[in-house]
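Okay, so here's the structure we're looking at.
From a predicted model like this one, the values you see are computed outputs, not experimental measurements. Note: hydrogens, waters and symmetry copies are ignored here, and every other heavy atom, side chains too, is used.
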Number of protein chains: 2
Amino acid sequence: MAQKNRLKYILLGLLNTKNQTGYDLTKSFDSDIGEFWNANHSQIYPLLKRMEAAQLISHRLITVGQKLQKKEYAITAKGREQFMDWLATPAEMDGAHDEFLLKLFFVDDPHSELLPPMIRTQLGYHEAKLAHLKKQFAQKFPNQNQILTSYGHALVLRHAIERETGYRDWLQTIMRDLARFEDE
Amino acid sequence: MAQKNRLKYILLGLLNTKNQTGYDLTKSFDSDIGEFWNANHSQIYPLLKRMEAAQLISHRLITVGQKLQKKEYAITAKGREQFMDWLATPAEMDGAHDEFLLKLFFVDDPHSELLPPMIRTQLGYHEAKLAHLKKQFAQKFPNQNQILTSYGHALVLRHAIERETGYRDWLQTIMRDLARFEDE
DNA sequence: AGATGCATGTAATAGGTTACATGATTCC
DNA sequence: GGAATCATGTAACCTATTACATGCATCT
């Protein structure tokens with residue numbers, strides 16, 4: 001999936017939270033961020049090197065025990081700048097992965113100015129997609145007969161519709177929450 | 001995404017429905033199957049050649065107008081066999097793509113024997129995942145304070161929970177429908 | 001005659017998985 | 001002393017995207 005360097009931003013985002021080793025970063029994909037993104041250490045270690053060469057991160061050596069040398073990476077000012085730029089850029093709705101969820105994950109503060117436009121843009125996108133899917137279903141499956149001769153296709157389309165409905169509802173709930181935060 | 005040759009099975013599945021050209025197959029990813037899978041012609045054309053070399057498909061030339069030669073591909077007995085084997089194999093729950101949805105898409109007949117075990121297996125998987133996610137949320141966000149200091153993370157986790165809930169409900173609805181079909 | 005769509009291909013590049021490879025530390 | 005985990009790296013391979021490249025057919 002020749003996406004757009006998303007792993008780079010994930011690593012920057014994680015390093016923005018706290019300094020970590022490549023091993024620590026790898027473990028993040030087993031727990032929290034692993035719910036919706038994956039990466040192996042064989043992808044992470046070389047990328048960290050390239051990111052350091054680009055001066056987005058730096059490392060210091062930590063000696064553990066007698067011999068073992070850990071590399072603890074830290075984000076640089078340049079890296080933080082690039083990360084913030086990425087966070088403020090509207091999520092692209094292309095590939096299999098949902099870049100919006102990825103960005104949202106890194107917005108810690110419910111009062112962040114980034115949130116309202118992010119949510120609104122996503123809501124527009126998913127409402128349009130939902131409308132499109134419903135139209136598709138109506139066109140392809142006007143009656144029960146079509147459903148029974150392309151059963152799997154109908155089920156999959158219905159699933160897509162329900163998924164988009166859930167996505168929309170979730171976004172609307174966030175919008176309401178945000179409005180409530182503003183009153184406080 | 002070094003997945004497991006899923007595009008091959010999609011092409012076999014589409015060719016199993018009707019004979020088509022590479023161009024036709026490419027267009028499928030703009031409409032029906034495009035709701036949940038993507039492929040470009042630059043990936044499809046070479047793959048069709050490899051599949052033909054492996055004798056899973058064959059082609060005949062159709063002349064359109066004066067000069068233009070179309071290649072209309074057809075699935076072979078060997079190709080159909082491989083496709084059916086894949087369809088009957090439990091979906092793998094690894095990558096970013098949902099292989100189950102892909103297989104389900106190709107099951108036309110609501111009375112297919114494949115359906116009950118497929119649905120049951122998926123239901124088990126998604127119930128386990130839902131339980132896991134709920135546990136994660138309870139652990140990471142025991143109170144409102146944690147939510148307000150990792151707001152995005154909490155939202156994303158909640159989204160995952162709602163998505164899995166919707167998935168489970170959808171599967172349960174299918175189970176009920178299947179039981180109804182058996183009575184008829 | 002020109003625009004749009006049909007039709008097929010290759011090349012370069014990027015992203016991602018699996019396997020190979022090594023060694024130290026910590027816990028039991 | 002042995003097992004599990006920590007820790008880092010490379011190599012081979014596969015998958016996917018973007019760009020390059022070409023030419024015909026149909027419709028207006």
Any A:T21 side-chain nitrogen or oxygen under 4.0 Å from OP1 or OP2 of D:dT8
yes
Which side chain to side chain donor-acceptor pair (under 3.5 Å) pairs, counting each pair once, include a residue from residues 40-57 of chain B, with sequence neighbours left out?
B:E52-B:H59
Side chain of A:Y23 - closest among D:dT18, C:dC6, D:dT5
D:dT5
Atom-pair distance ([atom1] on [X]; [atom2] on [N]), nearest Å:
{"X": "A:L11", "N": "D:dT8", "atom1": "CG", "atom2": "P", "result": "13 Å"}
{"X": "A:N5", "N": "D:dT18", "atom1": "CG", "atom2": "P", "result": "13 Å"}
{"X": "B:Q20", "N": "C:dC6", "atom1": "CD", "atom2": "P", "result": "14 Å"}
{"X": "A:L25", "N": "D:dA7", "atom1": "CG", "atom2": "C1'", "result": "13 Å"}
{"X": "A:Q69", "N": "D:dT8", "atom1": "CD", "atom2": "C1'", "result": "12 Å"}
{"X": "A:D30", "N": "D:dT5", "atom1": "CG", "atom2": "C1'", "result": "13 Å"}
{"X": "A:E72", "N": "D:dC6", "atom1": "CD", "atom2": "P", "result": "16 Å"}
{"X": "B:R6", "N": "D:dA16", "atom1": "CZ", "atom2": "C1'", "result": "14 Å"}

If you take all heavy atoms of [X] and [Y], which pair is closest and at what distance?
{"X": "B:I57", "Y": "B:L48", "answer": "CD1-O, 3.4 Å"}
{"X": "A:K140", "Y": "A:L157", "answer": "CD-CD1, 4.3 Å"}
{"X": "A:G22", "Y": "A:I44", "answer": "O-CG2, 4.3 Å"}
{"X": "B:L115", "Y": "B:P110", "answer": "CD1-O, 3.5 Å"}

If a pair satisfies salt bridge (charged side-chain N to carboxylate O under 4.0 Å, His left out) and one of its residues is in residues 58-74 of chain B, list it, with sequence neighbours excluded.
B:R60-B:E72
Give the ring-plane orientation class for A:W170 versus A:Y167, where under 30° counts as parallel, over 60° as perpendicular and anything between as tilted.
perpendicular
Going by the angle between their ring planes, with limits at 30° and 60°, are B:H153 and A:F105 parallel, tilted or perpendicular?
tilted
I'd like to know whether the aromatic ring centres of B:H111 and A:Y151 sit less than 6.0 Å apart in this structure.
no
Do the two ring centres, one from B:F106 and one from B:F83, sit under 6.0 Å apart?
yes
Looking at A:K27 and A:D30, does any basic side-chain N land under 4.0 Å from a carboxylate oxygen?
no
Expected list for residues 38-56 of chain B near DNA chain D, using heavy atoms below 4.0 Å, is B:N40, B:S42, B:Q43
Near DNA chain D, counting only heavy atoms under 4.0 Å, which residues of residues 78-93 of chain B show up?
none
Roughly how far, to the nearest 0.5 Å, is CE of A:M51 from CG of A:L47?
5.5 Å
Please tell me whether B:W86 and B:E99 have a donor and an acceptor in their side chains that are separated by less than 3.5 angstrom.
yes
Please determine whether salt bridge (charged side-chain N to carboxylate O under 4.0 Å, His left out) holds for the pair A:E92 and A:K4, giving the CA-CA distance in whole Å, both sets of side-chain angles, and the decisive distance to 0.1 Å.
CA-CA 10 Å; A:E92 288 179 43; A:K4 281 162 186 165; 2.7 Å; yes
So if I define the base as every atom that isn't primed, P, OP1 or OP2, how would nucleotides 23-28 of chain D read as a B/S/- string at a heavy-atom cutoff under 4.0 Å?
BSS---
Computed from five pairs at either end and rounded to 10 degrees, the angle between the axes of the helix from C:dA1-D:dT28 to C:dC28-D:dG1 is 30°
